[in-house]
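Values reported hereafter were calculated over all heavy atoms of this structure, with side chains retained and with hydrogens, waters and symmetry mates removed. Because the structure is predicted, anything quoted here is derived from the model rather than measured.
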Amino acid sequence: MKYDFKAIEKKWQDKWEAENAFVASDDYSKPKFYSLVEFPYPSGSGMHVGHIKAYSGLEVVSRKRRMQGYNVLYPIGFDAFGLPTENYAIKTGMHPRVVTDKNIARFTEQLKKVGFSFDWTKVVDTTDENYYKWTQWIFLKMFENGLVFRDKTLVNYCPSCKVVLSNEDSQGGECDICHSAIVQKSKDVWYLRITEYADKLLDGLKEVDYLPNIKMQQENWIGRSTGAFVNFQVKGADEKLRIYTTRPDTLFGVTFMVIAPEHPLIEKYRDRLTNIDALDAYKDECAKKTEFERTQLVKDKTGVKLEGLTAINPASGKEIPIYISDYVMMGYGTGAIMAVPAHDQRDWDFAKKFGIDIVEVIKGGDISKEAYTGDGEMVNSDFLNGYTNKKDSISRMIEELQARGIGEMGVQYKMKDWAFNRQRYWGEPIPIVHCPSCGMVAVPYEELPLRLPNVENFEPGEGGESPLAKIDSFVNCSCPKCGGAAKRETDTMPQWAGSSWYFLRYIDPHNDEAFASQEKLKYWMPVDWYNGGMEHVTRHLIYSRFWYKFLYDLGLVPYAEPYAKRTAQGMILGANGVKMSKSLGNVVDPLDVVNEYGADTLRTYVLFMGDYGSAAPWSESSVKGCKRFLERVADLPSIAKGSGVTEKLESAFHKTIKKVSEDIEQLKFNTAIAAMMGLLNEIDAVGSITKDELMTFISLLCPFAPHLCEEIYEAEGGKGLLSLATWPTWDEAKTIDSTIEIAVQISGKLKGTVVIPADASREDMIAAAKQNSKIAAQLEGKTIIKEIAVPGKLVNIVAK
RNA sequence: GCGGAUGUGGCGAAAUUGGCAGACGCGCUGGAUUUAGGUUCCAGUGAGUGAUCGUGCAGGUUCAAGUCCUGUCAUCCGCACCA
């Protein structure tokens, strides 16, 4: 058969669409399979080969499931709010709506050209008002339930994008979008109280099937630690200085305290501090630094002692000094620490520099050289002396603290509340009204969606004000509560909002009454398999689990966790082994590959190039190799005239069916394809196959190269669509060969092989090995010490 | 610094419970077809003339180690003064 991939691919893509081949049905009697991939941000530069790899994995699984009789939901959509579109719109003068529509149309066309079996009737667009209506609706539910609050704090601000960023978006001290340096700025910020769900997010990980490193990253991100809060009496004042520690048992070793430069104690006791000028100066210096500089740079400890205020160590009763230093953060714990220089390296460094006492309370190290952080016997600690187990000494101390009313057990998280607003136009408007008499008032549900006003000018205001603030007709409104004149909130939601619940909307995308019907949610949830990039496992994946768990607590979704299983694909690197980038000129456009080699080749190659979860460089010649494979498959019908089944090929078929079926389930597409290539080599060596065997072959290959396989199937008289035909099954008995070749070793070294019946006993195996002339010759004159036979594998004769 | 992962031919990579290292593909070499290039097909392809040696390096356990243990080096990723 001539492999005219262009004609074939167009033909079958049209046919699948015309016949609604991949539309998930509402037939609840069938077993369901919901496979989810991260929907793309429709950027102006079009699709990247990375998208193809990301979607090809579950594409193969989904296609296999359909052939196995499942009702499959494999949806796609567009996460289209966000800065790149807005920046592009500002640059070109086009409206973001127009830009977005154009980009979505382009992505859609590209995705269809690759032949993905998405259910195109359920496309979701986060910027569609019928979608963001429900994003706002969920936000209001959170507002109603006390999970939304506003606070004035120092925030990460990107001077270039003129936007406030979450900690997650400003990692490493630079803006996630434009990579400019982040500065700290005081702002009114909307927060979602995600910390309230910290324990639930952590505990929920126990019941889901995520890759171990994904779980670990989430655990690190949430960063739960247990310890104790202890209140230190400030001397001569009716004031307690509260600290958090994970090692309350080292309390007897506390020789000073450190508070963050922004700690309120300073303001409160300004009058009593005799060196307030020095303290203010230090504080100013710190304020100038970004959090990045404060935390990232390895440097000497700095700080200033509070003159005029001291604290009392509640264990030893001794008076101890208090310092301010930037190594203590206001944002973690209570912004104050008890310093135990003998057993904490940071405290040790600080104590050495400022000449503070170092008191050993755990034996085992040399505290004159460095802090000792290991375990050991407690000393200098009164009632704790003699304890050697960390757990016991900690719980004993907590008992004591509670008995004396100066402290209690406590839990802290690294995760902070989620800064949930941006001063930008292209996002979901936050549906809140500020009323001079009623305060913050929710926009009534029946008024949703609160639409983005259609305006010409959407450039950000000076000083980081939202573009919406300039639109009087949007801002001025009446209070939903009292009817008086009020002003709308002008900030919009961050880009992560829309993606936090999109997988629920796919289930019922055109519903006007609810974000999705309960009946459908019950059938389709949870997502059976979610695949995406490693870069999203701490942000999007945590945010969306949070939203989902919130909805679960309201009884609006049926299961406690949204995703039963989560995997991740590896990146595709440029041919030179580094990340693809425009500036390096190593970007591969998937459409070029489709045009030159065909979609089937592209799909096969991205899955064949290596382990699905690992990064791998692009190789054009390997693409050609995959094309060659498909061309040879296209020629298979010419030798499918065989009438008799050969035993050898039959066994090879059963082995391949098994291998491909099992490998797909483990995302081992590279070895699945290799197995089919190997089978093809065997077929060519034999020179003929039966028509049934041909049909089996193209059924196995169909999820990878569906256009070509459909074409062959039709040409051979197959009924209906191959994509909806039956997945082949294997007979375990036929995967086992009757005779096998085993290795023969002498003293662990390979010396030859013998062919024996597969069910030979150990004795027969050894006998057969000894009969082999080469082996016999080598054993000549040697004493046999030991004989080992492993059925199906080898014989090892230990001889001297 | 802490946590995690990885290290196998010229290249991408395979390799149940320890059991013939290098499947499959690329590349390369030789041959056939072709006016030629390309394509396609056939044969070969870890190193070494050889006995043998070979999975980052050094040890160890074992009849047997890519796989298990100890140490070490390198690379990548995540977190990062988290009290």
| Within 45° cone and under 6.0 Å: A/Arg566 NZ/CZ vs A/Tyr210 ring | no
| task | Write out the stems for RNA chain B, ordered by first number and formatted as range with range, counting runs of at least 3 consecutive Watson-Crick or G-U wobble pairs under 3.5 Å. | result | B:1-7 with B:73-79, B:10-12 with B:24-26, B:27-32 with B:40-45, B:56-60 with B:68-72
| request: Could you check A/Phe5 against A/Tyr597 for ring-ring contact (aromatic ring centres under 6.0 Å, His included), going step by step and ending with a plain yes or no? | output: CA-CA 8 Å; A/Phe5 62 83; A/Tyr597 301 100; 8.0 Å; no
| query | When you compare B/G9 with B/C53, how far apart are their C1' atoms, in angstrom units rounded to a whole number? | reply | 14 Å
| said: At under 4.0 Å between heavy atoms, how does the protein contact nucleotides 18-26 of chain B? Give one character per nucleotide, 5' to 3', with B, S or -. | reply: -BB--BBSS
| query | When rounded to the nearest Å, what value does the distance between C1' atoms of B/U67 and B/G18 take? | reply | 6 Å
| Protein-nucleotide distance (A/Lys751, atom NZ; B/C53, atom C1'), rounded to Å | 13 Å
| Between A/Phe669 (CZ) and B/A14 (C1'), how many Å, whole number? | 17 Å
| message | Distance check needed: B/U39 P versus A/Glu631 CD, whole Å only. | response | 11 Å
| request: Mind calculating the distance between CD1 (A/Ile785) and C1' (B/U62) to the nearest angstrom? | output: 15 Å
| said: Could you tell me how far B/G44 sits from B/A15 if I compare only their C1' atoms? Round to whole Å. | reply: 23 Å
| query | So is A/Lys414 actually on top of A/Tyr332's ring, under 6.0 Å and inside 45° of the axis? | reply | no
| Inter-nucleotide C1' distance (B/G48, B/G37), Å rounded | 37 Å
| Rounded distance in Å between the C1' positions of B/G56 and B/U75 | 10 Å
| Under 30°, 30 to 60°, or over 60°: which ring-plane class applies to A/Tyr543 and A/Trp418, parallel, tilted or perpendicular? | parallel
| request: Check every atom of B/G3, B/A83, B/G78 against the side chain of A/Gln217 and return the nucleotide holding the closest atom. | output: B/G78
| field | Sole residue of A/Asp249, A/Thr250, A/Thr245 in side-chain hydrogen bond (donor to acceptor under 3.5 Å, both in side chains) with A/Arg247 | value | A/Asp249
| said: With a 6.0 Å cut-off on the ring centroids, do A/Trp618 and A/Tyr605 count as close? | reply: yes
